[in-house]
Amino acid sequence: VQLQASGGGLVQAGGSLTLSCAASGKILSGNVMGWYRQGPGKPRERVAVAISGGRATYADSVKGRFTIFRDNAKNMVYLQMNNLKPEDTAVYYCLYSKSGDYWGQGTLVTVSS
């Protein structure tokens with residue numbers, strides 16, 4: 001499975017961005033796709049994940065601000081990020097998980113104060 005993430009950039013605090021991730025290869029049903037991030041000097045943390053055809057879970061720090069949604073027909077996952085804060089600055093990684101974990105290359109989100 002290959003993952004291609006896009007959509008990162010520079011935004012002011014309070015702004016919005018949408019990240020996209022396209023999965024290709026042998027995509028199996030019942031997979032999990034989602035987003036992790038790694039800020040400067042911080043460990044990688046889970047942001048949001050969604051089971052195909054099922055529920056999504058969010059980190060407490062992004063609840064109410066970020067929304068993950070999937071287009072299973074296109075093997076895409078998106079992360080709508082609203083009311084961005086400087087502490088959201090990080091490299092965001094897309095994840096596909098089914099019979100192993102697969103990661104995208106990361107896309108940088110920078111939120112200026």
Side-chain angles (χ1 to χ4, degrees):
V1 175
Q2 296 78 45
L3 300 169
Q4 181 68 45
S6 61
L10 174 64
V11 63
Q12 290 188 328
S16 298
L17 279 176
T18 299
L19 305 182
S20 302
C21 178
S24 60
K26 189 174 183 180
I27 307 300
L28 302 176
S29 61
N31 61 70
V32 173
M33 292 188 73
W35 296 91
Y36 281 63
R37 68 185 180 186
Q38 187 166 16
K42 299 179 181 179
R44 189 174 295 193
E45 63 173 351
R46 184 170 67 180
V47 177
V49 293
I51 303 170
S52 60
R55 62 183 178 88
T57 59
Y58 296 89
D60 288 343
S61 59
V62 306
K63 283 181 181 177
R65 299 188 299 122
F66 291 11
T67 303
I68 185 171
F69 54 101
R70 299 182 53 157
D71 183 338
N72 293 325
K74 297 181 179 179
N75 296 320
M76 297 284 296
V77 64
Y78 304 89
L79 187 68
Q80 173 68 45
M81 305 184 292
N82 297 325
N83 191 21
L84 282 160
K85 303 176 180 181
E87 51 264 42
D88 294 318
T89 294
V91 177
Y92 284 71
Y93 297 91
C94 175
L95 166 74
Y96 167 96
S97 183
K98 180 73 175 186
S99 298
D101 292 341
Y102 300 84
W103 297 92
Q105 82 283 9
T107 184
L108 176 63
V109 173
T110 303
V111 184
S112 62
S113 57

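Residue numbers start at 1 and run along the sequence shown. None of these values were measured; they are calculated from a predicted model.
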Exercise. Can any side-chain N or O of Thr89 pair as donor or acceptor with the backbone N or O of Val111 at less than 3.5 Å?
Worked result: yes
For this session: Please round to the nearest 0.5 Å and tell me the distance separating atom CG of Leu79 and atom SG of Cys21.
Result: 10.5 Å
Problem set entry | Side chain to side chain, Trp35 and Cys94, heavy atoms closer than 4.5 Å | yes
Exercise. Quick one: does Val62's side chain get under 4.5 Å of Arg37's, heavy atoms only?
Worked result: yes
Problem set entry | Working for salt bridge (charged side-chain N to carboxylate O under 4.0 Å, His left out), residues Asp60 and Lys63 | CA-CA 5 Å; Asp60 288 343; Lys63 283 181 181 177; 3.1 Å; yes
For this session: Can you measure from OG (Ser99) to NZ (Lys26) and round to the nearest 0.5 angstrom?
Result: 8.0 Å
Exercise. Do Asn82 and Ser16 have side-chain N/O donor and acceptor atoms under 3.5 Å apart?
Worked result: yes
Seminar exercise, completed: For Gln38, the side chain to side chain donor-acceptor pair (under 3.5 Å) test, sequence neighbours excluded, returns none
For this session: Test Val109 against Met81 for side-chain contact (heavy atoms from CB on, under 4.5 Å), laying out the working first.
Result: CA-CA 10 Å; Val109 173; Met81 305 184 292; 3.9 Å; yes
Exercise. Side-chain contact, heavy-atom cut-off 4.5 Å: Tyr96 with Asn75?
Worked result: no
For this session: Would you please name every residue forming a side chain to side chain contact (heavy atoms under 4.5 Å, CB included) with Val49, sequence neighbours left out?
Result: Val32, Tyr36, Arg46, Thr57
For this session: Measure the shortest side-chain to side-chain distance between Leu19 and Thr107 over non-hydrogen atoms and say whether it is less than 4.5 angstrom.
Result: yes
Problem set entry | Heavy-atom check, side chain of Val47 versus side chain of Tyr92, under 4.5 Å | yes
Exercise. How far does NZ of Lys98 sit from CG of Leu28, to the nearest 0.5 angstrom?
Worked result: 6.5 Å
Problem set entry | Trace of the side-chain contact (heavy atoms from CB on, under 4.5 Å) decision for Ile68 with Val77 | CA-CA 7 Å; Ile68 185 171; Val77 64; 3.7 Å; yes
For this session: Flag the pair Met33 / Leu95 as yes when at least one side-chain heavy-atom distance between them is below 4.5 Å, and no otherwise.
Result: no
Exercise. Taking atom types as modelled and ignoring hydrogens, do the side chains of Gln80 and Thr18 form a donor-acceptor contact shorter than 3.5 angstrom?
Worked result: yes
Problem set entry | Sequence-distant partners of Asp71, side chain to side chain contact (heavy atoms under 4.5 Å, CB included), two or more places apart | Ala73, Lys74, Met76, Tyr78
